Amino acid sequence: MVGENKQQLSEYIDDLPLSDEMLKQLAETGELKQTFSHYQLIGQAMRDELPAQLDLGFADKVAAAIALEPTIIAPVVKKEQPQQPRKKLATVIPFIGKFGQYGIAASVAAALVIGVQQLNIADSRIAPSPVLQTVPMGGFVSPVSLQPNANLEVQQRQEQKQRLEQRRQVNAYIQDHVLQQRIKSQALDK
Amino acid sequence: MVKVLWVGVVFYALFGRFAYAEKNPLQWLAQMNQAYHQNNFSLSITHLQRNHVQSFLFEHGIVDDEQVVYIKSLTGPVSHSYRINNLVTYIDPEIQPYSVHAPIIAIPSPSFFINKLTAIEKNYNVSLAGKGRVAGRVAQLVRLKAKDKDRFNYVLWLDVDTSLLLRYDSFDLQNNLVEQMQVIRAQWTVQPNEKLVELVAADIPSMKMAPAVNVKTRWQFNWLPSQYQIIATDSHRLLSTTEPVDYLMLSDGLSEVSVYIANAGEVEFPERLITQGGMAVARHRQGNVDITVVGKVPLDTATKIARSISLK
């Protein structure tokens, strides 16, 4: 059944209408979903719409995230909270991990590839506030006898690496914010 | 009986137009709210954020007394979302579709200000600001001027005939355009769009639900912009970096601000920056934790929020 539908699926990705049945199957069938994402990718590649950096290891990261135990940042005061709430947490959080946060977030990730590129421009030109002054201006110690050029190169490389890491982090937060806006909107519905 | 009717018609013919012009700004907003819930319409929408434009197809209809909305992206990755009453489903490439209980779809559209009248009245001075034209229709401009410097200002463009929101612009404190939603083509119909009818009839099996979790938080704010409240709290991991965070969402009823508390990392983080989408990101290190505030608010406000957090 899935094989028959691939033709249809391909057509859909080329912007032809999608039948309700297809929509239903898409939601249900794992294999079809996989095909869908592959076709989507192929389509994008053909139309030259692929982002400069394509994160294919995304699913793995998600899995890794789920595998990790939840961490509470706020220090726990023992007196206030005895055993009970802890137990609750242990059963609830893995569920969130699988269903909510990480399963969902991929959608936002796709949207935010744009976010990263946008941010780059903002960093260098538009942002009114001083942004990303990472390496101390005059802080690189270079012995006189060594070639200053080599040092400069090292410094530049370091700087670039740090910038990339910062962008990754900033983007992670923005991505999460957009995701939370979608999920937490249920809290607004009073 | 007929006589009374005639008097009514004549009265309307004479004064109907004047009555229109005399509507006060809050009545305009109330009518916008009402019109949105009642009519069947189809829109093409563009959403502009500084240098980035996206466009959407937007269908709205009442099918068997149920409000149905369908949004499809027309640029970038193909994604669909629809809402039947209070159940919103997002279908995006590469992931399993999921649903959320929510009153609106979180994508810029004429629904942005729906059911937010109370919040608007509390935080903004509302005034009329002349007429304009958008999507080939005459529009009444309504200005929302924030009462303090902790939120962005808006100009709303309402269709004179139907009161539907056809455009909104938001401006930062320096009066720079932050974002703009604009309908470029609008069509009203007596019957709801076929697609919407099919969507309801298809009875698509329910998707995975995003959980609504509220974990008790140990953090508190010593200062918040007026009318801002904590509306959700939890602990989770950021998706792409898997960094564990304590999370609080704040809202003034119109826009949301996310507050993250994470263990202080090695990488230095810019203290203040604004993204192309007008999103402010403020970071503050407090002891051994980093506090990050993200949202469409003035940068100074984000910074103040970041600095005002403490343990209970």
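If you're wondering where the values come from, they're calculated on a predicted model, not measured in any experiment. Lettering of chains follows the sequences in order, A, B, ..., and the numbering in each one begins at 1.
A donor-acceptor pair shorter than 3.5 Å cannot be found between the side chains of B:Thr241 and A:Arg168. Between the side chains of B:Thr89 and B:Ser99, at least one donor N or O lies within less than 3.5 Å of an accepting N or O.
Between A:Tyr173 and B:Tyr260, the ring planes are perpendicular. Angles over 60° get that label, and only those under 30° would be called parallel.
Among B:Ser258, B:Ala106, B:Gly295, the residue making the largest number of heavy-atom pairs under 4.5 Å with chain A is B:Ser258.
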Legend entry - salt bridge (charged side-chain N to carboxylate O under 4.0 Å, His left out) assessment of B:Asp234 paired with A:Lys184: CA-CA 10 Å; B:Asp234 69 17; A:Lys184 298 291 195 298; 2.9 Å; yes

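Heavy atoms closer than 4.5 Å to chain A are found in both the backbone and the side chain of B:Val294. Interface remark: B:Val257 contributes backbone atoms only to the contact with chain A (heavy atom separation under 4.5 Å).
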